[in-house]
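Below is one structure, written out as structure tokens, with a few remarks after it.
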Number of protein chains: 2
Amino acid sequence: MAQIRDVSKRAGVSPATVSRAFSDPSKLSKDTLKRVLKAAEELNYKPNSLAQVFRVKRTNTVLVLVPDIANVLFARVLSGIERIAAENNYLLLVSDTKDDIALERAGLEMVETLRADGIIQLGERPLGDLHTHPEPSKVPFVHAFDTPDAVPYPTVRINNVAAADAMASYLLALGHRRIGVLAGLKDRIVTRERLRGFRQALDSFGVPFEESLVEYGPYSMAGGAQSALRLLSRNRDLTALFTMSDEIAIGAVRTAMDLGLDLPANLSITGFDNIEFGKFCTPPLTTVMQPAERIGEVAMTLMCNLLAGETTGDAQQTLATELVIRSSAKRLAQA
Amino acid sequence: MAQIRDVSKRAGVSPATVSRAFSDPSKLSKDTLKRVLKAAEELNYKPNSLAQVFRVKRTNTVLVLVPDIANVLFARVLSGIERIAAENNYLLLVSDTKDDIALERAGLEMVETLRADGIIQLGERPLGDLHTHPEPSKVPFVHAFDTPDAVPYPTVRINNVAAADAMASYLLALGHRRIGVLAGLKDRIVTRERLRGFRQALDSFGVPFEESLVEYGPYSMAGGAQSALRLLSRNRDLTALFTMSDEIAIGAVRTAMDLGLDLPANLSITGFDNIEFGKFCTPPLTTVMQPAERIGEVAMTLMCNLLAGETTGDAQQTLATELVIRSSAKRLAQA
DNA sequence: TAGTTCAATACAAACGGTTTCATTTCAAGC
DNA sequence: GCTTGAAATGAAACCGTTTGTATTGAACTA
């Protein structure tokens, strides 16, 4: 591979000039610039980015910490991040942390040891806090998607409480009163927030909340199927299921159908997230749309600003959600 | 950040000794080693990996080119790659190429400019060939998942022809004779291969192939829904639909149901890939399992070998698929 | 005892760019 | 024609490691 010295010799200039030809062409005379570019072209010269990066101490790379790459939602967020990253000439290092705090720390270290300029973390971190440990850590950091609440760094999230409230209110407005809750993992912040929204809706409709009507479980189809089975066999009088994710909802639909229920006639079910599949399953899922790609885009944009040294303050972005009404939830038949 | 010089001074040795303390401790006397480690510990010294990488010319990073990160299958392959990468201490640069050849070239360049040690490419490349251009390119390269056929670099793939044959044979064995094909994009290699398998099955059952029974379209639920609509309204006598992906199948199911068909009584539908949803949708999807995570694992393992300088030959790995029989395809009722 | 060998360590040269600072060039102004 | 200042360019330091080679001294051999 040709190096800067070769080019400089061929163009009859110093290496410094060649360097400038790429980094700030305006500094060169028209003539020299042309000569240098020609020489570079002829030698097929590409600056060794390792050397560059080493000298400049900026990798133009950001590390993304994902709890589970294979998860549809995270994948979509990632896709949004990637779009903005590409636009701004950033590379993406992706690490699947499997919710493992050790791996997250390793990530932090990667930045300190200069492999990346900043970190975007997805998903709430169940254990500890990356940032309280040594000191508020000067590593550029953005937290997106299911972020914890009041944190000292930029976040981008949705208002889970309001969204859940809206969804539950819709169910209540349809006349449902006996509503089961298929919640996610009990220790998750999102779970607590969405439950809060649900109760809030109940309150405003003057319907009492019953702890026995909520069933916790993993955010997955299998989890939803199991939770639904437990909840449904315990409570025969439920007319609707408020679930905390589309996957849970789809699992619940499966269970309900296997139980011989006619959906949505016998049981209304709502989801959360609006994954693509919800539109095509049977019955098409009424749910709340969460702008996953957009969350990624905003997160990466925030990171770009951060790295550009713009003081974004503690930009806590909250993105809008939207009820998407399909046909898995129907007005309660007058008994 | 403390650097090697600081540590060496504090331990009263030369920088070289500190370096060796980390890279090859056996070279040091027990005593010095202890002293150096202590000093490093006290100064919280972490080698600047940028400098390291620059010196050694090995980034321990591999670039993964993905046509679409948000796609469930690619995400799963990625997950497999990630697992093995983590085990072997590799970092992953991920780039969503959007099937754009320019971006793929950019990727190649990244390796040439040394940001990554090798490339794993996912999905078939619809245009041109990365590798014929300048010369067979000495960049470590592995192609996984929907790879083209006879290529001069390691690949890991499934046998689409055989898998499609098996799936179609199953349908034929159930008594179906009028089978529509919901194919993927016409210019895709996978599409051609799966169609070949389908025809092969037809042949062995002595059933003639009718071009008019195949409908091409995108590999998506929306695509499947549309193709199904076209195909079904054109051919009223179809008893089964052989589709080329689970997403297509799910779209087709939606259409069929909207058309008032009773599934699978009126129409059998099979998928391909075995995405998780297939198990939970209605009716649960009969499909062929494609080991996505495993493909990723094998690909990354191949890459590790390649980078370790082991001559893997032109390791063309073909992984086993498996029919997964659920209930979207049933024996044809005797008319 | 002198010579040889070997382990342990130090020295200094890379690695391939970027950037500071000094110098040269050259047109404009007087 | 001389001065002046800006624009263009070059020389050399620098970034923080790794690594080939040289050095040292102790143990071992003949």
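Lettering follows sequence order; numbering is per chain, from 1. Everything numeric here is computed off the predicted structure, so don't read it as measured data.
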Determine: side-chain N/O of A/Q52 to OP1/OP2 of C/dT18, distance under 4.0 Å, yes or no.
yes

Looking only at non-hydrogen atoms, find the nearest pair between A/A11 and A/A39 and report the distance.
CB-CB, 3.9 Å

With respect to the side chain of A/F54, which nucleotide from D/dC15, C/dT19, D/dT17 is positioned closest?
D/dC15

Please report, rounded to the nearest Å, how far the C1' atom of C/dC15 is from the CG atom of B/L50.
13 Å

Short question: side chain of B/N160, backbone of B/V190 - any donor-acceptor pair under 3.5 Å?
no

In degrees rounded to 10°, what angle is found between the helical axes fit to the five outermost pairs at each end of the helix from C/dT1-D/dA30 to C/dC30-D/dG1?
50°

Whole angstroms only, please: what is the CG-C1' distance between A/L43 and C/dG16?
15 Å

B/D24 CG to D/dG20 P: how many Å, rounded?
12 Å

What is the distance from CZ of B/R5 to P of D/dC14, rounded to the nearest Å?
13 Å

Of the non-hydrogen atoms in A/N88 and A/N60, which two are nearest, and what is the gap between them?
O-OD1, 4.4 Å

Short side-chain N/O contact to C/dG16 OP1/OP2 from A/Q3, under 4.0 Å
yes

Carboxylate-amine/guanidinium contact A/E87 A/R83, below 4.0 Å:
no

Rounded to whole angstroms, how far apart are NZ on B/K57 and C1' on C/dG17?
10 Å

Considering only nitrogen or oxygen atoms on both sides, find all protein atoms under 3.5 Å from nucleotides 5-13 of chain D and state each distance.
residue	atom	partner	partner atom	Å
D/dT9	OP1	A/S29	OG	3.2
D/dT9	OP1	A/T32	OG1	2.4
D/dT9	OP2	A/S29	N	3.0
D/dT9	OP2	A/T32	OG1	3.0
D/dG10	OP2	A/S14	N	2.8
D/dG10	OP2	A/S14	OG	3.3
D/dG10	OP2	A/T17	OG1	2.6
D/dG10	N7	A/R20	NH2	2.8
D/dG10	O6	A/R20	NH1	3.4
D/dG10	O6	A/R20	NH2	3.1

With a 4.0 Å cut-off, would you call A/R294 and A/E297 a salt bridge?
yes

Please determine whether a side-chain nitrogen of the Lys or Arg among A/D6 and A/R10 lies less than 4.0 Å from a carboxylate oxygen of the Asp or Glu.
no

Measure the acute angle between the ring planes of B/F145 and B/F74, then classify it against the limits of 30° and 60° as parallel, tilted or perpendicular.
perpendicular

In this structure, are over 12 heavy atoms from other groups packed under 6.0 Å from A/K57 atom NZ?
yes

Tell me what B/Y45 touches on the nucleic acid: a base, only sugar-phosphate, or nothing, going by heavy atoms under 4.0 Å.
sugar-phosphate

Give a yes or no on whether B/R58 atom CZ has more than 12 heavy-atom contacts from other residues, nucleotides or ligands under 6.0 Å away.
yes

